[in-house]
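Here is the structure we will look at, set down as structure tokens.
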Amino acid sequence: MTDRPAVLVTGGAGYIGSHAVLALKDAGWKVAVIDNLSTGFAWALPEDVPLYEGDIADTKLLARIFAEQSIGAIMHFAGSIVVPESVENPLKYYDNNTGKSRSLIAAAVAAGIPHFIFSSTAATYGTPDARLMSEDTPTVPINPYGWSKLMTERMLADAAAAHGFNFCVLRYFNVAGADPQARTGQSTEGATHLIKVACEAATGKRASVGIFGNDFDTQDGTGVRDYIHVSDLANAHLLALEALVAQPSRSLTMNCGYGRGFSVREVLDAVDRVTNHTIKRVQMPRRAGDPAELVADSSRLREVTGWQPAHDDLDTIIAHALQWERKLCAR
Ligand code: UDP
């Protein structure tokens with residue numbers, strides 16, 4: 001059996017990061033977290049996981065964590081994730097997602113950390129011609145969010161070649177849902193992502209859901225996305241880490257999605273079905289930076305790591321998201 005390094009999870013108190021922490025712990029890995037708590041919550045973490053409150057650009061703090069926790073791998077989730085905000089405030093994205101990642105990579109190189117997993121995004125592909133995106137689809141982002149992540153992918157590839165660590169870039173499609181046991185979920189205020197917004201409408205936190213655009217070149221004119229359950233995504237990180245540890249000379253870039261898309265209308269129909277209630281829909285103009293359709297070819301992830309999703313079902317994703325939303329309401 002390969003040695004299991006202790007894992008530093010950046011952004012581990014956030015939505016996807018906290019699910020990765022649970023998955024790592026459930027599988028017996030040693031975990032520590034760095035999070036500045038700008039959008040994350042200390043309560044999202046199990047009590048026995050050390051939380052360092054601070055910034056990933058704080059090189060001194062990182063050096064201390066690496067030493068105190070004997071860190072042997074990094075999972076880097078910390079960053080900003082809202083496409084329209086990146087259009088309005090691009091420099092925030094180049095700072096949080098690109099500049100601070102550079103700083104983190106430099107600290108990891110200085111400490112000789114051998115493995116690095118990076119949260120990237122389908123937004124790196126822009127508006128591809130192909131219906132399904134493979135990792136070889138050209139990356140031509142159409143918004144600053146996608147560029148800010150793609151630049152970090154490039155830095156990782158160059159730094160890994162120069163300094164001898166291996167890395168895995170995971171390009172997420174649309175992450176949704178929550179831990180089936182409702183231990184964590186998406187908790188940040190001011191949600192913009194469709195399933196979270198729809199769950200807020202279903203629990204009475206907002207009056208309606210806007211549909212952004214009805215004239216895309218898709219089956220019903222609304223945007224099509226590949227929604228992946230956050231626990232399946234967290235599991236993909238575990239398998240990616242095992243692959244990096246098993247073959248230290250190999251780096252990987254892998255899409256994370258199920259390989260089928262749902263339109264905004266189909267998602268809202270599913271929410272109505274799961275709740276047995278009709279959410280009010282309001283037609284709105286297109287949102288800046290939104291491509292028509294993003295669907296993953298995830299065959300590489302399946303073939304290289306043996307990943308098999310456990311929750312590939314839109315109604316299940318929505319049911320788990322709703323379960324978490326109701327728990328938040330009761331807090
Ligand atoms: N969307 C929508 N109403 C909302 C939020 C999102 O119609 O309140 C649409 C959005 O235009 C896109 C899809 O839902 O077609 C997914 O958007 P989201 O913000 O969830 O994720 P993104 O794909 O932008 O990362």
Side-chain angles (χ1 to χ4, degrees), residues 14-16 39 77 79-90 93 97 119-128 131-133 139 141-150 170-178 185-186 188-203 205-230 233 255-258 260-272 279-296 314 317-318 320-322 324-325:
Y15 171 46
I16 304 173
T39 55
F77 295 91
S80 300
I81 57 159
V82 180
V83 169
E85 186 193 32
S86 81
V87 177
E88 280 155 30
N89 193 356
Y93 280 69
N97 294 352
S119 303
S120 190
T121 169
T124 53
Y125 294 116
T127 47
R131 210 191 67 74
L132 284 185
M133 266 152 277
T139 44
I142 60 163
N143 50 58
Y145 171 63
W147 281 112
S148 71
K149 290 283 188 175
L150 188 60
L170 293 176
R171 291 187 180 143
Y172 307 165
F173 284 65
N174 286 63
V175 189
Q186 194 164 352
T188 311
E189 294 287 321
T192 61
H193 289 121
L194 179 63
I195 290 182
K196 171 78 176 173
V197 165
C199 288
E200 288 185 353
T203 53
K205 262 191 211 166
R206 58 173 88 208
S208 61
V209 179
I211 297 179
F212 299 141
N214 60 359
D215 56 353
F216 288 103
D217 183 16
T218 59
Q219 69 260 27
D220 62 16
T222 68
V224 169
R225 297 290 185 273
D226 184 341
Y227 295 90
I228 174 174
H229 192 294
V230 63
L233 179 65
N255 286 339
C256 297
Y258 293 141
R260 46 106 198 89
F262 291 101
S263 72
V264 174
R265 283 192 215 288
E266 285 175 323
V267 169
L268 297 181
D269 287 347
V271 174
D272 287 352
I279 301 173
K280 185 165 182 236
R281 306 174 186 193
V282 182
Q283 190 58 55
M284 309 273 277
R286 284 189 188 196
R287 198 173 60 171
D290 267 354
E293 180 160 355
L294 292 173
V295 181
L314 184 60
I317 294 174
I318 290 167
H320 289 162
L322 263 170
W324 178 254
E325 201 60 48

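In this chain, residues are counted from 1 in sequence order. Start at 1 and go down the list; that is how both ligands and their atoms are numbered.
Some N or O of F212 is nearer than 3.5 Å to an N or O of ligand 1, by distance alone. Backbone and side-chain nitrogen or oxygen atoms of V209 are examined, and none is located within less than 3.5 angstrom of a nitrogen or oxygen of ligand 1. For ligand 1, the polar-atom distance check finds no N/O of V197 at less than 3.5 Å from any of the ligand's N/O atoms.
Ring geometry, H320 versus H229: the interplanar angle exceeds 60°, so the pair is classed perpendicular (tilted spans 30 to 60°).
The shortest non-hydrogen separation linking G289 to V83 is O-CG1, 3.9 Å.
K149 places no side-chain N or O within donor-acceptor distance of the main-chain N or O of A123, the cut-off being under 3.5 Å. With hydrogens and angles disregarded, no donor-acceptor distance shorter than 3.5 Å links the side chain of N255 to the backbone of F173. Between the side chain of D226 and the backbone N or O of A296 there is at least one donor-acceptor pair closer than 3.5 Å.
The local environment of CD in E189 is sparse, with at most 12 non-hydrogen atoms from other residues, nucleotides or ligands closer than 6.0 Å.
Contacts of H193 with ligand 1, taken as heavy-atom pairs under 4.0 Å, involve both backbone and side chain.
Scanning the protein heavy atoms around atom 9 (C) of ligand 1, the nearest turns out to be V264 CG2, 3.6 Å. Looking only at protein heavy atoms, the nearest one to atom 25 (O) of ligand 1 is N174 ND2, 3.8 Å. Scanning the protein heavy atoms around atom 15 (O) of ligand 1, the nearest turns out to be G223 CA, 3.5 Å. Considering only non-hydrogen protein atoms, atom 12 (C) of ligand 1 sits nearest to R225 NH2, 3.7 Å. Here the protein heavy atom with the shortest distance to atom 10 (C) of ligand 1 is D290 OD2, 3.5 Å. In terms of protein heavy atoms, atom 20 (O) of ligand 1 is closest to L194 N, 2.7 Å.
Ligand 1 is approached by Y227 to a heavy-atom distance shorter than 4.0 Å.
Of the candidates T192, T218, N143, T192 brings a heavy atom nearest to atom 5 (C) of ligand 1. The heavy atom nearest to atom 24 (O) of ligand 1, considering only R265, M284, Q283, R287, is found in R287.
Remark: I279 CD1 to T203 OG1 distance equals 9.0 Å, nearest 0.5 Å.
Screening V209, T222, V224, T218 against V264 for a side chain to side chain contact (heavy atoms under 4.5 Å, CB included) leaves a single residue, T222.
The pair D272-R265 fails the salt-bridge criterion, with no side-chain N (NZ, NE, NH1 or NH2) lying under 4.0 Å from an Asp/Glu carboxylate O.
Of all the atoms in ligand 1, the ones that sit under 4.0 Å from a non-hydrogen atom of G210 are 2 (C), 3 (N), 4 (C), 7 (O), 8 (O). Residue I211 approaches ligand 1 through these ligand atoms, each under 4.0 Å from one of its heavy atoms: 7 (O).
Looking at E85 and Y145, their side chains never bring a donor and an acceptor atom within 3.5 Å of each other.
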